[in-house]
Amino acid sequence: MTSTGRAYFEEMYRDVDDPWEFESSLYEERKYAITVASMPRFRYRSAYEPGCSVGVLTELLANRCDRLLSSDIIPSALQRAETRLRRNSHVWLEERSIPAQWPSGPFDLVVLSEIAYYFDVTDLGRIMTCVMESTVRGAHVVGVHWRGETIYPLTGDRAHEIIARTPGLVTVVHHTEEEFVLNVWERP
């Protein structure tokens, strides 16, 4: 199965502003709280969050970052995120498609939340190459994904297995629940 294409996401957002209920789901609220609490440092200088959607997690990350770049491929999602984050002058929102439009960094935090399973093994490998090339030593990479069956190229567990095999990353946090898996890796 190949990486999930733009058309899938365009269809998801066509008639619904928040198709995965990031703004209203108790699952998302709890997962976001655990994600942010799992980040080893209280403050990060420069972070990147691809696939930010409507910006719910972005808003939480903004409280922990001096500079935060968040991106998505859907303009309407970015517009909602812009409304949510309008008071955060240290947050930049951009339309980007990864891995092709990965920013250069340097970042000391990259957050891959509910996006890695949309990619096939080859593209996830390209993303991890981009992560390694755009991060500094000591950077943290956060991955958090739903663990159920998907119609996507990978499951959350499989995506985390692939990410964990990236040369130069060491696991510093591993948390699993029935619904999601969360890892924090570090570039020592």
Side-chain angles (χ1 to χ4, degrees), residues 1-36 47-63 65 67-103 107 109-124 126-128 130-131 134 141-160 162-163 179-182:
M1 183 180 264
T2 61
S3 294
T4 308
R6 180 184 293 263
Y8 171 80
F9 299 101
E10 289 171 343
E11 180 65 28
M12 292 298 294
Y13 283 95
R14 187 173 321 278
D15 298 319
V16 182
D17 290 336
D18 184 12
W20 287 277
E21 300 180 340
F22 296 128
E23 297 173 314
S24 60
S25 163
L26 290 176
Y27 161 78
E28 296 295 345
E29 182 180 344
R30 182 172 180 282
K31 182 187 69 179
Y32 291 155
I34 293 170
T35 299
V36 173
Y48 180 46
E49 176 205 17
C52 69
S53 185
V54 297
V56 179
L57 179 57
T58 311
E59 189 172 30
L60 298 173
L61 294 172
N63 294 326
C65 300
R67 182 182 191 283
L68 172 60
L69 171 60
S70 295
S71 68
D72 205 281
I73 60 171
I74 302 299
S76 63
L78 285 170
Q79 289 170 353
R80 287 193 58 139
E82 285 175 3
T83 299
R84 176 184 310 286
L85 294 152
R86 67 181 169 270
R87 292 184 207 128
N88 294 279
S89 61
H90 65 292
V91 177
W92 288 263
L93 297 163
E94 297 180 359
E95 185 176 342
R96 288 179 178 263
S97 177
I98 62 168
Q101 295 176 314
W102 192 274
F107 303 111
L109 175 66
V110 173
V111 178
L112 304 172
S113 176
E114 304 284 3
I115 65 163
Y117 44 55
Y118 293 121
F119 298 95
D120 60 28
V121 172
T122 301
D123 281 342
L124 185 53
R126 288 183 184 126
I127 288 168
M128 294 314 299
C130 292
V131 167
S134 66
V141 178
V142 177
V144 58
H145 293 85
W146 183 62
R147 297 184 73 206
E149 290 300 314
T150 70
I151 59 169
Y152 312 123
L154 302 171
T155 64
D157 288 331
R158 180 75 176 118
H160 280 237
I162 293 166
I163 295 168
E179 292 185 310
F180 69 89
V181 56
L182 181 145

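Here the straight-line distance linking atom CG of Asn63 with atom CG of Asn88 works out to 7.0 Å at 0.5 Å rounding. Rounded to the nearest 0.5 angstrom, Ile163 CD1 and Arg158 CZ are separated by 11.0 Å. Taking NE2 from His160 and CG from Leu182, the interatomic distance works out to 7.0 Å, rounded to the nearest 0.5 Å.
Side-chain atoms of Thr155 do not come within 3.5 Å of backbone N or O of Glu149 as any donor-acceptor pair. In this structure, Arg84 contributes its side chain and Val54 its backbone to a donor-acceptor pair below 3.5 Å.
Of all non-hydrogen atoms in His90 and Ala62, the two that sit nearest each other are NE2-O, 2.9 Å.
Ring centers of Trp146 and Tyr117: at least 6.0 Å apart, outside the cut-off.
Using a cut-off of 4.0 Å between Lys/Arg side-chain N and Asp/Glu carboxylate O, Arg6 and Glu95 are scored as salt-bridged.
Heavy-atom neighbours of Gln101 CD from other residues, nucleotides or ligands within 6.0 Å: above the threshold of 12.
Of the N and O atoms on the side chains of Tyr13 and Ser53, at least one donor lies less than 3.5 Å from an acceptor on the other residue. Using a 3.5 Å distance cut-off with no hydrogens or angles, the side chains of Tyr8 and Tyr118 do not pair a donor with an acceptor. A donor atom on one side chain and an acceptor atom on the other are found under 3.5 Å apart for Tyr48 and Ser71.
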